[in-house]
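Reviewing the structure listed below.
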Amino acid sequence: MISFMDLTREYEFLKLELNESLQETLSSGYYIMGPALKEFEKNFSRYIGTRYASGVNSGSDALFLALKSLGIGKNDEVITVAHTFISTADAIVLNGARPVWVDIEPDSYLIDPERVVEKITPHTRALLVVHLYGQPAEMDKLNEICQEHDLYLIEDASQAHGAEYKGSKVGSLGDVSCFSFYPTKNLGGYGDGGMVLTKHREVQEKIRNLRDYGQQKKNLHTKIGINSRLDEIQATILSLKLKYLDSWNKKRRKLARIYHDQLTPGVRTPQEKENRKHVYHLYVINAPQRDLIQRELFKNGIESRIHYPTPVHKQPAYLPWRDSYLPCTEQVPKGILSLPLYPWLKEEEVNRICEVIDHASM
Ligand SMILES: Cc1ncc(COP(=O)(O)O)c(C=O)c1O
């Protein structure tokens with residue numbers, strides 16, 4: 001049996017070191033907004049290369065709070081993609097704004113920068129870009145558009161911890177960036193968690209206020225906020241795991257290379273675009289015989305997934321925002337398949353997966 005993801009292998013490796021750090025945190029008496037969070041915020045913002053960081057409850061909250069802190073709400077439009085995890089778009093709608101969809105590029109499945117300008121209206125306030133599967137979007141072009149049209153550039157980097165665009169880490173390339181630390185992410189906690197990063201001090205102050213019941217200081221509530229704080233246990237785990245992130249991303253890239261070299265020509269493998277470092281949060285192939293391949297993998301005890309089978313604008317909850325025609329976004333889900341890829345996956349397991357796919361594609 002080859003699982004899509006097996007986190008017990010990671011835990012076995014980290015167990016001793018992790019138990020020691022957790023013991024320290026547990027005995028400290030601080031469980032929310034304590035020294036472990038401060039330390040992780042400092043470590044992660046340094047790693048990404050952005051000045052300010054605020055730990056929150058999840059990637060979804062990070063996105064929601066990022067938009068709220070920029071004052072995005074009723075009558076505003078935010079440009080984004082429909083080929084993403086639902087939370088990207090939910091953050092827009094939950095703030096009362098309207099998601100405006102842009103189609104994706106056929107090769108990278110990332111936002112097509114050539115299609116953005118035609119979607120800008122006087123109501124557009126921001127562009128919410130997703131570095132999907134671990135590959136950075138075309139940030140120079142997107143930044144240029146945002147500057148020209150006076151739009152905020154927000155990065156959903158939930159799948160791209162450590163990915164780079166022209167040598168800079170994603171999460172440092174826009175006005176505000178959002179990360180998820182869901183356990184299966186390249187950097188994941190052992191529960192929910194997220195982070196908002198920004199280079200703007202005033203945005204940072206708003207996020208800090210909004211994540212803590214709108215409290216400016218003890219018992220002074222200046223905004224209607226929520227309770228969304230990364231807890232001390234998760235912060236401890238994440239600080240420890242951050243030390244390994246680069247080496248784990250290296251392993252992902254090595255395994256991706258093996259897939260790439262072994263998979264048959266009938267299967268399209270992910271392409272790393274020029275000037276970008278893909279960190280393969282997901283290894284997504286595309287093949288016309290996708291269903292057959294998935295069935296064959298299943299018969300051989302190998303799990304695979306589809307990220308994502310239904311684009312957001314076709315989800316029932318998005319009926320009011322369904323109007324766009326997005327040919328690539330609608331075509332891509334018919335052929336994509338995510339294969340197991342995580343740092344603890346063994347090379348012989350990748351070889352076995354390739355063998356089964358090869359057999360199914362003949
Ligand atoms: C692209 C993207 N955005 C947002 C999220 C939401 O993150 P979380 O699950 O931590 O709320 C995820 C994670 O699942 C994601 O992959």
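Ligands are counted one by one from 1 in listed order, and the atoms in each one are counted from 1 as well.
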Counting from 1, what ligand 1 atoms have a heavy atom of Leu63 closer than 4.0 Å?
4 (C)

Per-atom filter on ligand 1: closer than 4.0 angstrom to a heavy atom of Ser58 are 10 (O), 11 (O)

Say whether Tyr182, considering both its backbone and side-chain N or O atoms, lies within less than 3.5 Å of an N or O atom on ligand 1.
no

Is Gln159 in polar range of ligand 1, meaning some N or O pair under 3.5 Å apart?
yes

Can you report which non-hydrogen protein atom sits closest to atom 12 (C) of ligand 1, along with the distance?
Phe85 CD2, 3.5 Å

Would you say the side-chain atoms of Asn95 and Lys68 include a donor-acceptor pair closer than 3.5 Å?
yes

Check: Phe181 ring centre within less than 6.0 Å of Phe40 ring centre:
yes

Can you figure out which of Ala157, Ser180, Ala160, Ala91 has its heavy atom closest to atom 10 (O) of ligand 1?
Ser180

Tell me yes or no: between the side chains of Asp192 and Ser58, is some donor less than 3.5 Å from an acceptor?
no

Side chain Gln135, main chain Lys273, donor-acceptor under 3.5 Å:
yes

Measure from the ring center of His307 to the ring center of Tyr133 and say whether it is less than 6.0 Å.
no

Contact between ligand 1 and Lys185 is defined here as a heavy atom of the residue under 4.0 Å from a ligand atom; is it met?
yes

Is there a donor-acceptor pair under 3.5 Å between the side chain of Asn300 and the backbone N or O of Ile302?
no

Compute the shortest N/O to N/O distance between Leu132 and ligand 1 and return yes if it is under 3.5 Å, no if not.
no

Spell out, as yes or no, whether a donor-acceptor pair under 3.5 Å connects the side chain of Asp358 to the backbone of Cys354.
no

Between Thr198 and Asp175 (side chain of the first, backbone of the second, donor and acceptor by atom type, cut-off under 3.5 Å), is there such a pair?
yes

Between Ser60 and ligand 1, is there a nitrogen or oxygen pair with a distance under 3.5 Å?
yes

Mode of Ser158 contact toward ligand 1 - side chain, backbone, both, neither (heavy atoms, under 4.0 Å)
side chain

Nearest-contact summary for atom 3 (N) of ligand 1 - protein heavy atom, Å:
Asp156 OD2, 2.7 Å

